[in-house]
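Working notes for the structure below.
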Amino acid sequence: MKSSTTNYEIRLFDTKSRQLMPLTSSDGEILRIYGCGPTVYRDAHVGNMRTFLLSDIVIRLAKFIGYKVKFIQNITDVGHMSEDFIEDKILAQAKKESKDPYEIAKIYEARFHSDLKLLNINPANNYPKASECIDLMHDLISKLITKGHAYVGSDNCVYFSAQSFEGYGAISGNRLDSLKPGHKFEYTEEGAKRFHADWALWKVAENRTEMIWNSPWGKGFPGWHIECSAMSLHYLNNFVDLHLGGIDLRFPHHENERAQSNCAINNEAVSLWVHGEHLLFEGRKMAKSAGNVVLVSDLIDRNLDPLCLRLCFLENRYRSQMDLSWDSLKAAHQTIQRWRDKILIWQNSKEIDLTEVKKIVNEIITDLIDDLDTPRALQKLRKIEKSQELSDGTKFEVFKEVDVLFGLDLLNSFSSKAEIPSHLNELLSKRAKARSLGDFVESDRLRDLLAENNILVKDGKDGQSWDWLI
RNA sequence: GGUCGGAUGGCCGAGAGGCGAGGCUCGGGACUGCAAAUCCCGCUACACGGGUUCAAAUCCCGUUCCGACCUCCA
């Protein structure tokens with residue numbers, strides 16, 4: 001009996017076939033998902049987070065409708081070369097910070113995990129590191145050499161022969177003959193490779209002394225693309241039902257990965273290729289060079305609930321480029337706050353129409369299985385919020401159920417309030433006292449003073465409350 | 001140059017040929033000592049030029065502008 005069954009069919013846009021394709025478990029047991037993870041040489045910015053959220057939403061949805069899921073996400077801690085093709089990104093950063101390269105990888109990997117947690121992104125089943133999978137890569141490279149898909153070049157590096165794989169270019173639409181040799185090239189000398197579009201699977205150490213390993217082809221380190229083939233095939237038992245990543249990885253990373261994997265198993269190794277579009281910030285692509293990089297920690301510094309980023313992302317479809325701004329983050333922050341406040345009230349109602357709850361949840365799932373139409377699904381939530389017909393209890397039950405899908409953590413409150421300095425706490429007490437005595441001149445003065453310290457004071461039926469100004 | 005996406009009100013943005021998505025801002029009102037929050041009301045847009053249709057933001061043709069990718073990238 002199949003343990004992974006569902007009445008729903010998730011359809012996602014497959015980059016290779018350029019159409020919506022059903023997501024299914026090829027073995028009928030479990031959905032095997034692979035997502036390209038971070039290169040841990042710097043903090044992941046919110047643009048990176050958008051891609052990681054894409055995996056999270058698919059997985060939450062798949063689990064919600066009954067699938068078992070195995071999700072593997074790699075950590076690239078070696079082999080990813082800088083733009084000059086001369087130095088490994090990790091080693092370059094290690095030099096910059098005067099630290100051991102493994103220390104660098106460790107620091108930024110830890111930060112990656114804590115950022116995911118702040119955004120309520122559920123962890124993968126496993127996060128294999130490139131540096132710990134060298135043997136897997138050796139096995140795969142040997143196999144590719146034996147099969148005639150890879151060769152040792154005149155510089156003793158091992159290269160994949162692009163021409164040996166017939167379907168090369170299917171994901172990106174590139175054709176080998178139009179990939180003309182250009183100035184941006186592999187860092188090795190011209191002539192070491194047999195063909196300009198070939199890429200390195202194993203690079204010889206030369207002068208490099210750190211992050212190198214023995215191999216049948218001499219001391220060296222792996223190329224970037226081979227790690228994902230090695231890990232996905234190993235950890236997911238030679239087949240991937242869904243492979244996720246950012247749109248920029250479409251070429252060359254995923255194109256090359258597909259060539260490697262398919263040649264290794266003599267079959268199509270990945271069923272669906274899904275790519276998330278890029279995030280722009282205030283009109284421009286988020287990039288170090290543009291100077292518009294925003295980190296999760298920047299949101300917290302502005303007293304924004306990091307989950308407002310999650311809501312912003314969900315209000316746009318993953319296949320569209322989206323433009324983020326502080327205004328949209330602020331609006332999302334307010335929406336989450338408002339929902340949380342209302343949920344606190346709604347949960348006191350015992351009047352629940354379960355049939356209605358089921359119907360609405362079903363509608364939301366129907367939106368999501370349609371290529372993750374999160375904006376439409378969220379619109380339903382806003383309608384429910386405003387509804388005159390639905391009881392509070394029904395509203396509460398719907399929000400509670402779908403919170404598992406959206407991951408906005410609406411049933412808990414965001415509290416960074418513990419961090420308030422004591423002198424401001426004193427001002428708050430003074431202000432409350434002045435107001436209770438009817439000294440409005442003094443209480444208003446203190447309220448203005450608190451506002452200057454980014455604290456917004458509100459008077460409700462149950463007395464004074466406050467929030468950080470955003 | 002090649003390939004692929006876009007263009008929607010003050011701003012952000014969804015859009016399935018036919019009852020004006022939604023949000024933010026702003027204006028008016030209720031509530032409040034005053035604010036804040038909340039609630040109610042208001043603000044009628046689809047780049048341009050043709051075409052198809054009873055009916056086009058949506059489909060077709062053309063034009064202009066913008067963005068992304070094309071061997072660093074999520």
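Residue numbers begin at 1 in each chain, while the letters A, B, ... track the order of the sequences.
Under the rule for a side chain to side chain donor-acceptor pair (under 3.5 Å), the partners of A:Ser328 that lie at least two apart in sequence or sit in another chain are A:Ser325. Qualifying side chain to side chain donor-acceptor pair (under 3.5 Å) partners for A:Arg302, counting only residues two or more places apart in sequence or in other chains: none.
B:A37 sits 11 Å from B:C31 when the C1' atoms are compared, rounded to a whole Å. Only the C1' atoms considered, B:G10 is 8 Å distant from B:C26, to the nearest whole Å. Only the C1' atoms considered, B:U53 is 23 Å distant from B:A47, to the nearest whole Å. For the P atoms, the distance from B:C59 to B:G18 is 11 Å, rounded to whole Å. Comparing the P positions of B:C61 and B:C66 gives a spacing of 23 Å, expressed to the nearest Å. The C1' atoms of B:C69 and B:G17 are separated by 33 Å, rounded to the nearest whole Å. Comparing B:G51 with B:A45, their C1' atoms are spaced 23 Å from each other, to the whole Å.
Donor-acceptor pairing under 3.5 Å is recorded for the side chains of A:His149 and A:Ser164. Checked by atom type, the side-chain pair A:His113/A:Glu109 shows a donor-acceptor distance below 3.5 Å. A:His225 and A:Glu255 share no donor-acceptor pair across their side chains, judged by distance under 3.5 Å alone. Judged by distance alone, the side chains of A:Thr394 and A:Glu356 never bring a donor and an acceptor atom under 3.5 Å apart. Looking only at atom types and distance, the side chain of A:Ser161 has no donor-acceptor partner in the side chain of A:Asp198 under 3.5 Å away.
Nucleotide B:U32 forms no Watson-Crick or G-U wobble pair with any nucleotide shown, as no partner meets the under 3.5 Å limit on both distances. In this structure, B:C59 forms a base pair with B:G51, meeting either the Watson-Crick or the G-U wobble geometry with both donor-acceptor distances under 3.5 Å. Partner assigned to B:G42 is B:C26, using Watson-Crick or G-U wobble distances below 3.5 angstrom. In this structure, B:C69 and B:G2 make a Watson-Crick or G-U wobble pair, each of the two defining distances being under 3.5 angstrom.
The nucleotide whose nearest atom lies closest to any side-chain atom of A:Asp444 is, among B:C39, B:G33, B:U71, B:G33. The nucleotide whose nearest atom lies closest to any side-chain atom of A:His278 is, among B:G33, B:G13, B:C69, B:C69. For A:Asp373, counting side-chain heavy atoms from C-beta on, the closest listed nucleotide (B:C40, B:G15, B:G67) is B:G15. Considering only the side chain of A:Asn48, B:A74 comes nearest among B:C34, B:C70, B:A74. Closest contact between the side chain of A:Ser328 and the listed nucleotides B:A74, B:C12, B:G33 involves B:C12. Picking from B:C34, B:A68, B:A37 the nucleotide with the shortest atom distance to the side chain of A:Gln321 gives B:A68.
The shortest distance between the side-chain N/O atoms of A:Lys342 and the OP1/OP2 oxygens of B:C39 is below 4.0 Å. For the pair A:Arg435 and B:C34, the criterion of a side-chain N or O lying under 4.0 Å from OP1 or OP2 is not met. An OP1 or OP2 oxygen of B:A14 is reached within less than 4.0 angstrom by a side-chain nitrogen or oxygen of A:Asn316.
Nearest-nucleotide positions on RNA chain B place A:Asp367 closer to the 5' end than the other of A:Glu385 and A:Asp367. In this structure, A:Arg447 and A:Leu279 both approach RNA chain B, and ranking their closest nucleotides by distance from the 5' end singles out A:Arg447.
Taking only distance into account, the side chain of A:Asp459 meets the base of B:C34 through a donor-acceptor pair shorter than 3.5 Å.
Looking at heavy atoms from C-beta onward, A:Glu351 lies out of side-chain contact with A:Phe396 at the 4.5 angstrom threshold.
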Measure all distances between protein nitrogen or oxygen atoms and nitrogen or oxygen atoms of nucleotides 1-7 of chain B, and list the pairs falling under 3.5 Å.
none

Contact list (N/O, under 3.5 angstrom) for nucleotides 21-25 of chain B vs protein:
| unit_1 | atom_1 | unit_2 | atom_2 | d |
| --- | --- | --- | --- | --- |
| B:A21 | O2' | A:Gln379 | NE2 | 2.8 |
| B:A21 | N3 | A:Gln379 | OE1 | 3.0 |
| B:G22 | O2' | A:Arg382 | NE | 3.3 |
| B:G23 | OP1 | A:Lys386 | NZ | 3.4 |

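Here B:C34 presents its P atom at 13 Å from CZ of A:Arg431, a figure rounded to the nearest Å. Rounding to whole angstrom units, CG of residue A:Asp323 and P of B:A68 are separated by 11 Å. Rounded to whole Å, the distance from NZ on A:Lys461 to P on B:G33 is 11 Å. Rounded to an integer number of Å, the gap from A:Phe313 CZ to B:G13 C1' is 15 Å. As rounded to whole Å, 16 Å separates atom P of B:U71 from atom NE2 of A:His253. Atom CZ of A:Phe112 is separated from atom P of B:A74 by 11 Å (rounded to the nearest Å). One atom, CG of A:Leu249, and another, P of B:U71, lie 14 Å apart when rounded to the nearest Å. Taking atom CZ of residue A:Phe251 and atom P of nucleotide B:A68, one finds them 19 Å apart after rounding to whole Å.
Other residues, nucleotides and ligands contribute over 12 non-hydrogen atoms within 6.0 Å of the NZ atom of A:Lys380. Other residues, nucleotides and ligands contribute only 12 or fewer heavy atoms inside 6.0 Å of the NZ atom of A:Lys330.
Put simply, A:Phe440 rests on the base of B:G33: the two rings are less than 5.5 Å apart at their centres and nearly parallel, under 30°.
Within residues 40-47 of chain A, the residues that have a heavy atom under 4.0 Å from RNA chain B are, in order of number, A:Arg42, A:His45, A:Gly47.
No side-chain donor-acceptor contact under 3.5 Å links A:Asn453 to the backbone of A:Leu450.
A salt bridge does not link A:Lys395 to A:Glu385: none of the charged side-chain nitrogens sits closer than 4.0 Å to a carboxylate oxygen.
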**Prompt:** Can you list the steps and then say if A:Tyr159 with A:Trp199 is a ring pair (Phe, Tyr, Trp, His ring centres under 6.0 Å)?
**Reply:** CA-CA 5 Å; A:Tyr159 293 97; A:Trp199 64 91; 9.7 Å; no
Show me the donor-acceptor pairs, under 3.5 Å and distance only, between side chains in residues 309-318 of chain A and residues at least two apart or in other chains.
| unit_1 | atom_1 | unit_2 | atom_2 | d |
| --- | --- | --- | --- | --- |
| A:Arg310 | NE | A:Phe406 | O | 2.7 |
| A:Arg310 | NE | A:Gly407 | O | 3.2 |
| A:Arg310 | NH1 | A:Asp56 | OD2 | 3.0 |
| A:Arg310 | NH1 | A:Leu119 | O | 2.8 |
| A:Arg310 | NH1 | A:Asn120 | O | 2.9 |
| A:Arg310 | NH2 | A:Asp56 | OD2 | 2.9 |
| A:Arg310 | NH2 | A:Phe406 | O | 3.0 |
| A:Glu315 | OE1 | A:Arg382 | NH2 | 2.8 |
| A:Glu315 | OE2 | A:Arg382 | NH2 | 3.2 |
| A:Asn316 | ND2 | A:Cys312 | O | 3.0 |
| A:Arg317 | NH2 | A:Asp370 | O | 3.0 |
| A:Arg317 | NH2 | A:Asp371 | O | 3.0 |
| A:Tyr318 | OH | A:Phe13 | N | 3.4 |
| A:Tyr318 | OH | A:Asp371 | OD1 | 2.5 |

